[in-house]
Peer 1: 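Quick one: the structure is below, and I'll ask about it shortly.
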Amino acid sequence: MNGEIYLDNGATTKPYDEVVDEMIEMLNTYYGNPSSLHTKGIEAENAINHTRKVIAGALEVRIDEIFFTSGGTEANNIAVQGCALANRKKGNHIIVSSIEHPSILNTYKHLEQDGYSVSYIDVDDKGIIDLNHFEREVRKETILVSIMHVNNEVGSIQPIASVKKVLQAKGCDAIYHVDAIQSFGKVYLNPKQIGIDVLTLSAHKLHGPKGVGAIYVKKGTHIRPIIFGGSQELDIRSGTENVAGIVGFGKAVEITFRNFEQNICKMRSLRDMLKKGIIQEIEDIIIHSAHDEESAPHILNISFVGIKAEVLLHALEANNIFVSTGSACSSNKPSPSHVLKAMKVSKVCIEGAIRFSVSTFNTPAEITYCIEQVAANVKQLRKYMRR
Ligand SMILES: Cc1ncc(COP(=O)(O)O)c(C=O)c1O
């Protein structure tokens with residue numbers, strides 16, 4: 001098969017052509033600083049406000065509740081540190097799922113060193129949080145709760161509406177933060193309906209550019225800046241905005257949400273085709289991703305028992321197929337996946353886990369080829385392993 005087969009869309013996505021075109025136009029023509037008072041500044045400001053409107057529209061929130069950041073990691077840091085610091089006088093207890101992205105878990109570890117107490121919520125074997133455990137951890141000193149919407153390694157959808165109901169039932173007014181970086185554009189989400197206070201997004205997961213993110217902060221939420229400077233973005237995130245990147249983000253959201261349902265159906269059918277094919281062709285596998293209603297449409301995490309995932313990854317790469325072992329965002333430091341560990345997957349199975357993640361750019365022919373290649377390579381590698 002000619003060309004590359006990119007199945008690592010949980011790590012990042014290829015930008016839409018229209019995104020690239022608009023960004024080039026912004027860089028060439030509309031290069032003003034959005035804080036400048038002259039026409040060039042106003043053009044740039046209007047351009048970023050257009051994206052603000054597009055994102056607010058997609059989330060069904062107010063335009064003045066959306067702020068731009070330099071990516072998902074920064075948005076999560078602002079959410080976590082900004083809310084924890086602003087509410088320190090009310091209490092020092094925080095609740096978080098044990099399978100959050102490192103940009104959240106490592107920020108909480110840092111806060112623990114500063115005297116905050118953090119409860120980590122267990123998950124089941126499909127990577128879904130234990131609501132009973134969550135309920136037991138809610139206290140009167142709880143000031144902040146962070147639960148991701150979709151897990152980036154296994155694709156599990158968390159019961160974020162039920163989490164809010166537990167908080168309400170227990171009379172807890174903690175700030176509720178949801179990392180929606182893997183779900184935005186892939187799973188329906190309405191933060192106002194659920195009662196989310198702070199929500200974080202990243203452009204490069206939905207065919208936008210890298211290094212651009214956004215944070216939704218419900219009006220009236222107590223949050224403090226953690227970056228100080230020229231007070232851009234209403235002081236939530238100082239620093240000259242990445243105008244071209246933000247415009248690219250807006251375009252990516254427009255295109256994604258124009259065909260929201262069709263995109264989801266396409267990703268789901270490709271993912272299901274891959275899953276079915278692998279089950280049919282290969283023995284001794286363990287599927288870590290949950291079933292349909294509990295799983296995002298784009299992620300499939302599978303352990304090939306007896307195989308080292310990294311070896312399989314490179315064997316597939318030699319056939320122009322690109323996948324991931326666990327999550328690429330944290331694979332600079334190759335350590336066993338904290339998500340699969342929390343799901344109580346055995347060490348050997350964690351070592352054999354591959355994450356396939358599709359996008360609407362993939363085709364059924366690519367999936368057929370991928371199934372053939374995975375089956376052939378697993379068979380071959382197992383032969384060597386058993387010698
Ligand atoms: C769930 C989740 N949160 C946060 C991030 C970090 O986003 P960024 O790469 O924009 O810093 C990622 C990226 O993989 C993610 O999947």
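Side chains are part of it too, since the values below use all heavy atoms of this structure and drop only hydrogens, waters and symmetry mates.
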Peer 1: Please report the shortest heavy-atom distance between V345 and I350, naming the atom on each side.
Peer 2: O-CD1, 3.5 Å
Peer 1: When rounded to the nearest 0.5 angstrom, what distance separates OG1 in T107 from OH in Y116?
Peer 2: 12.5 Å
Peer 1: Side-chain donor-acceptor pair under 3.5 Å between E294 and H291, yes or no?
Peer 2: no
Peer 1: Look up atom CG in L167 and atom CD in E135, then write down how far apart they are to the nearest 0.5 Å.
Peer 2: 10.0 Å
Peer 1: Measure from the side-chain N and O atoms of E137 to the backbone N and O of I121, and report whether any donor-acceptor pair falls under 3.5 Å.
Peer 2: no
Peer 1: Give the cluster check for V323 versus V378: same hydrophobic cluster or not, with ILVMFWY residues linked at side-chain heavy-atom distances below 4.5 Å.
Peer 2: yes
Peer 1: For L144 and A174, work out which heavy atoms get closest and say how close.
Peer 2: N-CB, 3.7 Å
Peer 1: Can a side-chain donor-acceptor contact be found between H338 and S98 if the only test is distance below 3.5 angstrom?
Peer 2: no
Peer 1: Would you say that more than 12 heavy atoms from the other residues, nucleotides or ligands in this model lie under 6.0 Å from the CG of D17, or not?
Peer 2: no
Peer 1: Taking everything shown except K219 itself, do over 12 heavy atoms lie less than 6.0 Å from its NZ?
Peer 2: yes
Peer 1: Is there a donor-acceptor contact under 3.5 Å linking the side chains of S357 and H298?
Peer 2: no
Peer 1: Any chance the rings of F257 and F184 have centres within less than 6.0 Å?
Peer 2: yes
Peer 1: Would you mind reporting whether I299 and R355 have side-chain heavy atoms less than 4.5 Å apart?
Peer 2: yes
Peer 1: Any side-chain to backbone donor/acceptor pair from D124 onto I128? Under 3.5 Å, distance only.
Peer 2: yes
Peer 1: Could you check if a side-chain atom of Q158 sits within less than 4.5 angstrom of a side-chain atom of V163, using non-hydrogen atoms only?
Peer 2: no
Peer 1: Does V80 share a hydrophobic cluster with I143, counting links as ILVMFWY side-chain heavy atoms below 4.5 Å and allowing steps through other members?
Peer 2: yes
Peer 1: Report yes or no: does T29 contribute a side-chain atom to a donor-acceptor pair with the main-chain N or O of M26 at less than 3.5 Å?
Peer 2: no
Peer 1: Between F361 and Y16, is the gap from one ring center to the other below 6.0 Å?
Peer 2: yes
Peer 1: Report the residues that fulfil side-chain hydrogen bond (donor to acceptor under 3.5 Å, both in side chains) with K275, sequence neighbours left out, ordered by chain and then residue number.
Peer 2: none
Peer 1: Hey, are the side chains of K218 and Y216 touching, using non-hydrogen atoms and a 4.5 Å cut-off?
Peer 2: yes
Peer 1: So do the side chains of F68 and E233 get within less than 4.5 Å of each other, counting heavy atoms only?
Peer 2: yes
Peer 1: Do N152 and Q182 pair up side chain to side chain, a donor and an acceptor below 3.5 Å, judged on atom types alone?
Peer 2: no
Peer 1: Flag the pair N377 / L312 as yes when at least one side-chain heavy-atom distance between them is below 4.5 Å, and no otherwise.
Peer 2: yes
Peer 1: Indicate yes or no: does K251 engage E18 in a salt bridge with an N to O separation below 4.0 Å.
Peer 2: no
Peer 1: Measure from the side-chain N and O atoms of T13 to the backbone N and O of N9, and report whether any donor-acceptor pair falls under 3.5 Å.
Peer 2: no
Peer 1: Are there more than 12 heavy atoms of other residues, nucleotides or ligands under 6.0 Å from atom NE2 of H222?
Peer 2: no
Peer 1: Take a 6.0 Å sphere around NZ of K308 and say whether it holds more than 12 heavy atoms from other residues, nucleotides or ligands.
Peer 2: no
Peer 1: Can you check whether S117 reaches R139 side chain to side chain, under 4.5 Å on heavy atoms?
Peer 2: yes
Peer 1: Under a 3.5 Å threshold, yes or no: a donor from one side chain and an acceptor from the other, between S303 and H288?
Peer 2: yes
Peer 1: Report yes or no: does E65 contribute a side-chain atom to a donor-acceptor pair with the main-chain N or O of R62 at less than 3.5 Å?
Peer 2: yes
Peer 1: Given the rule that I, L, V, M, F, W and Y join up when any side-chain heavy atoms are under 4.5 Å apart, are V96 and I157 in one cluster?
Peer 2: no
Peer 1: Determine, using the 4.5 Å side-chain heavy-atom cutoff (strictly less than), whether V358 and Y6 are members of one ILVMFWY cluster.
Peer 2: no
Peer 1: Residues in side chain to side chain contact (heavy atoms under 4.5 Å, CB included) with N49, at least two apart?
Peer 2: E45, R52
Peer 1: Do I94 and I99 land in one hydrophobic cluster if side-chain heavy atoms of ILVMFWY residues count as linked below 4.5 Å?
Peer 2: no
Peer 1: Between T69 and E74, is there a donor-acceptor pair closer than 3.5 Å when you use the side chain of the first and the backbone of the second?
Peer 2: no
Peer 1: Checking T368 against E366: is there a side-chain donor and acceptor pair closer than 3.5 Å?
Peer 2: no
Peer 1: Keeping the roles fixed (side chain from R382, backbone from V305), state whether a donor-acceptor pair exists under 3.5 Å.
Peer 2: yes
